[in-house]
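Heavy-atom basis, side chains included; hydrogens, waters and symmetry copies ignored. Model, not experiment: these values are computed from the prediction.
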Amino acid sequence: MMNTRNKFLLVIILLILCASLSESEAAKKPDPRAKNIADLFMRVNPEVNKKQADKYSAIIIEAAEKFNQDPYVIAAIVVHESTVRANAVSKGGDYGLMQIHWKAHYKTLQQRFHIKSSKGLFDPRINIFFGTEIFADCMKKSSTDLWGALMRYSSGSRKLATKVIATVQELQRK
């Protein structure tokens with residue numbers, strides 16, 4: 001027979017187990033924004049397959065959470081900066097999905113991500129995380145004004161800022 005103390009401990013243990021199971025079940029549920037982002041990526045760039053789109057959208061969700069940013073904004077930046085091409089290179093020396101300028105950031109990238117050359121920016125995880133960090137800094141410097149942050153991120157491109165905002169609004173309607 002169990003005494004009262006043992007019964008109490010058993011109830012506590014069962015409550016803890018139930019709570020942890022609920023948390024793990026919640027963690028398994030996919031973020032609906034990830035599907036919207038992946039669908040957008042495949043629509044914008046037919047060369048992006050579902051596996052790639054899902055991978056990129058998962059990285060965006062994770063980076064957005066880490067830097068407290070809207071994942072739809074980050075996804076829209078990817079769409080309009082690189083057309084969702086991880087190997088994109090601009091004439092000005094911007095690389096990868098979020099078009100990060102190697103010369104402007106190479107010291108930080110070498111220290112933080114241990115990459116030796118601009119080719120390291122073709123890694124989607126590195127590119128998205130660093131690009132999201134840069135954008136978060138732009139938001140901070142712009143007092144969380146989206147337009148101002150996009151203008152900073154894009155070196156003053158009104159065209160890019162307008163397109164990003166339109167894409168974010170499209171994603172929000174889904």
Side-chain angles (χ1 to χ4, degrees), residues 30-45 48 52-174:
D31 188 322
R33 297 171 301 179
K35 181 187 180 321
N36 291 342
I37 292 168
D39 290 347
L40 172 69
F41 287 172
M42 291 184 294
R43 190 174 74 246
V44 166
N45 184 345
V48 174
Q52 288 171 311
D54 288 343
K55 176 184 173 182
Y56 298 162
S57 65
I59 295 168
I60 286 171
I61 297 291
E62 185 182 350
E65 286 175 0
K66 179 177 181 176
F67 295 105
N68 197 28
Q69 297 302 308
D70 181 344
Y72 285 163
V73 172
I74 304 306
I77 290 171
V78 167
V79 164
H80 296 292
E81 285 282 32
S82 68
T83 319
V84 198
R85 291 178 298 123
N87 62 346
V89 181
S90 75
K91 292 177 184 175
D94 302 315
Y95 294 84
L97 291 164
M98 292 190 71
Q99 290 293 278
I100 296 170
H101 195 73
W102 171 253
K103 288 182 181 177
H105 301 287
Y106 75 93
K107 285 183 183 177
T108 305
L109 287 160
Q110 288 174 335
Q111 290 170 352
R112 191 161 315 132
F113 296 102
H114 310 291
I115 58 176
K116 306 273 188 247
S117 74
S118 57
K119 290 179 184 167
L121 288 170
F122 294 142
D123 179 308
R125 186 170 185 80
I126 290 172
N127 194 283
I128 291 168
F129 266 82
F130 195 65
T132 304
E133 183 177 359
I134 292 168
F135 183 74
D137 187 56
C138 293
M139 283 291 279
K140 184 178 175 184
K141 289 177 179 174
S142 300
S143 302
T144 68
D145 172 62
L146 180 58
W147 179 265
L150 288 167
M151 293 299 284
R152 282 180 186 276
Y153 188 86
S154 68
S155 301
S157 172
R158 292 169 105 53
K159 184 177 178 181
L160 178 88
T162 301
K163 286 180 178 182
V164 167
I165 289 171
T167 300
V168 169
Q169 290 170 343
E170 173 191 337
L171 285 166
Q172 289 170 338
R173 285 191 294 270
K174 293 190 178 230

To the nearest 0.5 Å, atom CD1 of Ile60 lies from atom CE of Met98 at 7.5 Å
For the student: nearest non-hydrogen atoms of Arg158 and Trp147, plus distance: O-CH2, 3.9 Å
Within-4.5 Å side-chain heavy-atom neighbours: Val84 and Leu40: no
How would you list all residue pairs meeting side-chain hydrogen bond (donor to acceptor under 3.5 Å, both in side chains) that involve residues 102-113, not counting sequence neighbours? Arg112-Glu133
Tell me which pairs pass ring pair (Phe, Tyr, Trp, His ring centres under 6.0 Å) where either residue lies in residues 62-100, with sequence neighbours left out. Tyr95-Phe122
Nearest heavy-atom contact between Ile128 and Ala63 is CG2-CB, 4.0 Å
Can you tell me how far apart CG (Leu160) and CD1 (Ile77) are? Round to the nearest 0.5 Å. 7.5 Å
Any pair with a residue in residues 120-129 that passes side-chain hydrogen bond (donor to acceptor under 3.5 Å, both in side chains), sequence neighbours left out, goes on the list, sorted by first then second residue, please. Glu62-Arg125
Nearest heavy-atom neighbours spanning Lys55 and Pro124: NZ-CG, 4.4 Å
Close side-chain approach of Arg152 and Ser142, heavy atoms under 4.5 Å: yes
Considering residues, nucleotides and ligands other than Arg43, do more than 12 of their heavy atoms fall under 6.0 Å from its CZ? yes
Not counting sequence neighbours, which residues clear salt bridge (Lys or Arg N to Asp or Glu O under 4.0 Å) with Asp31? List them please. Arg33
Taking only residues two or more places apart in sequence or in another chain, which ones pass salt bridge (Lys or Arg N to Asp or Glu O under 4.0 Å) with Asp145? none
Once you round to the nearest 0.5 Å, how far does CG of Leu121 lie from NE2 of His101? 11.0 Å
With a 4.5 Å cut-off on side-chain heavy atoms, are Val79 and Thr83 touching? no
Could you check whether any side-chain heavy atom of Val78 comes within less than 4.5 Å of a side-chain heavy atom of Tyr56, counting everything from C-beta outward? no
Nearest heavy atoms of Val48 and Phe41, plus distance in Å: CB-O, 4.2 Å
Let me see the working for Asp94 and Val89 under side chain to side chain contact (heavy atoms under 4.5 Å, CB included), right down to the final yes or no. CA-CA 6 Å; Asp94 302 315; Val89 181; over 6 Å; no
Applying side chain to side chain contact (heavy atoms under 4.5 Å, CB included), run through Gln172 and Asp70 and close with a yes or a no. CA-CA 11 Å; Gln172 289 170 338; Asp70 181 344; 3.9 Å; yes
Distance in Å, Lys163 NZ paired with Ser157 OG, rounded so as to fall on 0.5 Å steps: 8.0 Å
Non-hydrogen atoms of Leu97 and Ala86 that approach each other most closely: CD2-N, 3.6 Å
Measuring only between side-chain heavy atoms, which start at C-beta, is Leu146 closer than 4.5 Å to Val73? yes
Note: Ala88 and Gln99 closest approach over all heavy atoms is O-NE2, 3.3 Å
CD1 of Ile100 to OG of Ser82: how many Å apart, nearest 0.5 Å? 10.5 Å
Distance (rounded to the nearest 0.5 Å) between Asp54 CG and Ile37 CD1: 11.0 Å
Salt bridge (Lys or Arg N to Asp or Glu O under 4.0 Å) partners of Lys35, counting only residues at least two apart: Asp39
